[in-house]
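The structure under discussion appears below in the form of structure tokens.
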Amino acid sequence: MTGRIAFQGEPGAYSHQACRQSRPDMEAVPCPTFEEVIDLTRRGEVDLGMLAVENSTYGRVADVHTLLPQSGLHIIDEAFVRVHINLLAVKGTRIEDVKRVRCMSILHGQCRTFIKQHGLATMNWHDNAAAAREVARLGEPAEAALASELAGEIYGLDILARHIEDQSNNTTRFLVMAREPDLSRRGSGPMITTFTFRVRNIPAALYKALGGFATNGVNMTKLESYMVGGSFTATEFYADIEGHPEDAAVARALEELRFFTTQLNILGVYPSDRSRD
């Protein structure tokens with residue numbers, strides 16, 4: 001597929017890497033915020049949007065989960081990017097020269113051991129690739145960034161230390177968003193269905209709502225709750241299940257879910273990429 005795909009961050013961000021891996025033939029368009037990725041996609045200025053939703057070390061990207069149900073977009077694919085964190089500095093720098101590192105706070109938490117071992121001061125930055133760009137602009141050996149190898153390549157920085165993340169399986173999950181849904185079965189592997197729902201205000205509503213998935217043997221891989229409109233009593237749930245809505249077991253489970261909910265919204269049906277998780 002040719003065209004344009006938007007991502008949050010500067011060129012060289014892990015979201016940029018996700019675009020290269022998932023849609024190598026498309027032009028990747030950087031955006032400063034998740035909201036802009038959604039807006040550009042919704043307005044048709046780009047064909048697709050790439051959104052990070054969760055990291056295996058850090059957890060969920062809360063902003064995106066909040067934005068998805070109201071985005072007006074549909075999930076058509078997922079992608080997993082192995083997040084290798086690298087120490088980047090201007091050419092000729094020795095690792096002992098580095099005093100400070102720049103990156104998003106989310107990355108600090110993924111390589112605490114390395115930062116502590118080398119006694120590095122940390123500076124929060126709005127974007128990891130932007131931190132690499134700033135280090136290149138400063139040209140000071142004492143300044144470094146934590147970012148992808150792609151960022152080092154783009155901004156002409158040396159990699160002083162590779163793969164310094166604490167967890168060897170450090171991975172970020174991305175969702176590919178489009179204006180139109182694609183409910184067709186794609187590929188030879190399993191499908192994922194993602195949806196949000198609100199339960200009726202009756203005793204044990206959530207327990208009853210989820211019972212259909214258990215009795216029909218449908219595996220639910222994600223279930224998260226969110227407050228609606230700032231209320232502690234109104235809750236929306238976000239869920240991923242294995243299977244397609246036309247599968248008999250999934251259809252029965254969703255039918256039972258509807259009986260105990262006031263709202264059910266299918267956000268997307270897409271091939272599972274869990275083999276790369």
Side-chain angles (χ1 to χ4, degrees), residues 5-24 28 30-34 37 48-65 68 75 77-89 95 98 101-118 120 122-136 144-155 157-177 192 221-222 224 240 272-277:
I5 180 169
F7 66 93
Q8 186 276 324
E10 300 279 349
Y14 291 103
S15 295
H16 187 187
Q17 183 178 333
C19 293
R20 281 195 170 188
Q21 289 182 199
S22 179
R23 298 294 191 276
C31 297
T33 65
F34 294 121
V37 172
L48 301 174
M50 179 71 73
L51 297 176
V53 290
E54 57 192 326
N55 175 266
S56 60
T57 303
Y58 185 85
R60 77 184 187 190
V61 181
D63 287 350
V64 171
H65 283 85
L68 280 178
I75 306 168
D77 205 355
E78 67 175 354
F80 291 85
V81 170
R82 183 66 180 78
V83 179
H84 290 304
I85 303 173
N86 308 278
L87 183 68
L88 307 178
I95 196 167
V98 177
V101 292
R102 290 167 166 77
C103 70
M104 296 174 68
S105 60
I106 187 173
L107 233 59
H108 290 157
Q110 296 174 26
C111 51
R112 295 183 190 275
T113 301
F114 182 90
I115 291 172
K116 184 177 180 180
Q117 285 177 345
H118 291 82
L120 300 174
T122 59
M123 300 178 66
N124 288 337
W125 223 248
H126 70 279
D127 180 82
N128 301 311
R133 184 182 62 190
E134 176 67 4
V135 166
L146 300 180
S148 67
E149 294 185 29
L150 177 60
E153 173 189 327
I154 290 174
Y155 300 110
L157 299 174
D158 280 352
I159 299 177
L160 306 188
R162 296 178 186 270
H163 305 180
I164 61 174
E165 58 273 11
D166 291 332
Q167 301 295 329
S168 60
N169 63 342
N170 191 28
T171 303
T172 296
R173 182 190 182 210
F174 294 84
L175 297 177
V176 180
M177 311 298 296
I192 299 289
T221 59
K222 176 178 289 297
E224 297 183 348
D240 289 345
S272 172
D273 192 27
R274 302 304 165 92
S275 62
R276 292 194 232 170
D277 191 355

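In this text the structure is predicted, and so the values were computed from the model without any measurement. Below, all heavy atoms of this structure are taken into account, side chains as well, without hydrogens, waters or symmetry copies.
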Open item on the list: Please give me the minimum heavy-atom distance between V98 and L120, naming the atom from each residue.
Closed with: O-CD2, 3.4 Å
Open item on the list: Checking side-chain contact (heavy atoms from CB on, under 4.5 Å) between L88 and each of L146, I159, L160, which is the one that passes?
Closed with: I159
Open item on the list: Within the structure provided, determine whether I115 and R112 are in side-chain contact (heavy-atom separation under 4.5 Å).
Closed with: no
Task: Residue pair Y155 / E10, side-chain heavy-atom distance below 4.5 Å - done: yes
- [ ] Measure across A161 and I164 and return the closest heavy-atom pair with its distance rounded to 0.1 Å.
- [x] CB-CG2, 3.7 Å
Task: Spacing of CZ belonging to F80 relative to OG1 belonging to T171, to within rounding of 0.5 Å - done: 8.0 Å
TODO: Can you see which heavy atom on D166 is nearest to which on G109, and at what distance?
DONE: OD2-O, 4.3 Å
TODO: Kindly give the heavy-atom pair with the smallest separation between A89 and A144, and that separation in Å.
DONE: CB-CB, 4.3 Å
- [ ] Could you tell me whether a side-chain N or O of N55 sits under 3.5 Å from a main-chain N or O of R60, the two making a donor and an acceptor?
- [x] no
Task: Interatomic distance, E54 atom CD to E224 atom CD [nearest 0.5 angstrom] - done: 6.5 Å
Task: Donor-acceptor contact present, side-chain S15 to main-chain A13, <3.5 Å - done: no
Task: Any N86 side-chain heavy atom under 4.5 Å of H163 side chain - done: yes
Task: Donor-acceptor pair, side chain of S148 and main chain of G12, under 3.5 angstrom - done: yes
Open item on the list: As an exercise, state the distance from CZ of R20 to CE of M50, rounded to the nearest 0.5 Å.
Closed with: 13.0 Å
Task: Side-chain heavy atoms of E78 within contact of V53, under 4.5 Å - done: no
Open item on the list: Within this structure, what is the CZ-OG distance for the pair R173 and S56, rounded to the nearest 0.5 Å?
Closed with: 12.5 Å
TODO: With the side chain counted from C-beta on, respond yes when N170 and R82 share a heavy-atom pair under 4.5 Å apart, and no when they do not.
DONE: yes
Open item on the list: Working to the nearest 0.5 angstrom, can you tell me the gap between W125 CH2 and R102 CZ?
Closed with: 4.5 Å
TODO: Just jot down the side chain to side chain contact (heavy atoms under 4.5 Å, CB included) partners of P30, sequence neighbours excluded, or say none.
DONE: F7, P11
Open item on the list: Between H108 and N124, does the side chain to side chain contact (heavy atoms under 4.5 Å, CB included) criterion hold? Intermediate values first, please.
Closed with: CA-CA 8 Å; H108 290 157; N124 288 337; 2.8 Å; yes
Open item on the list: Would Q17 and V83 count as a side chain to side chain contact (heavy atoms under 4.5 Å, CB included) here? Give the steps.
Closed with: CA-CA 10 Å; Q17 183 178 333; V83 179; over 6 Å; no
Task: S22 versus D77, closest heavy-atom pair with distance - done: OG-OD2, 4.3 Å
Open item on the list: Between E165 (side chain only) and I85 (backbone N and O only), is there a donor and an acceptor less than 3.5 Å apart?
Closed with: yes
- [ ] Please identify each residue that fulfils side chain to side chain donor-acceptor pair (under 3.5 Å) with H118, with sequence neighbours left out.
- [x] none
Open item on the list: Contact between H16 and I154 at the side-chain level, heavy atoms closer than 4.5 Å - yes or no?
Closed with: yes
Open item on the list: Would you say that V37 contacts M177 through its side chain, given a criterion of any heavy-atom pair below 4.5 Å between the two side chains?
Closed with: no
Task: D158: salt bridge (charged side-chain N to carboxylate O under 4.0 Å, His left out) partners, not counting sequence neighbours - done: K91
TODO: Enter the distance from E149:CD to R162:CZ here, rounded to the nearest 0.5 Å.
DONE: 4.5 Å
TODO: Answer whether the closest heavy-atom distance between the side chains of I75 and I192 falls below 4.5 Å.
DONE: no
Task: Which atom of C31 lies closest to which atom of A6, heavy atoms considered - done: SG-CB, 3.9 Å
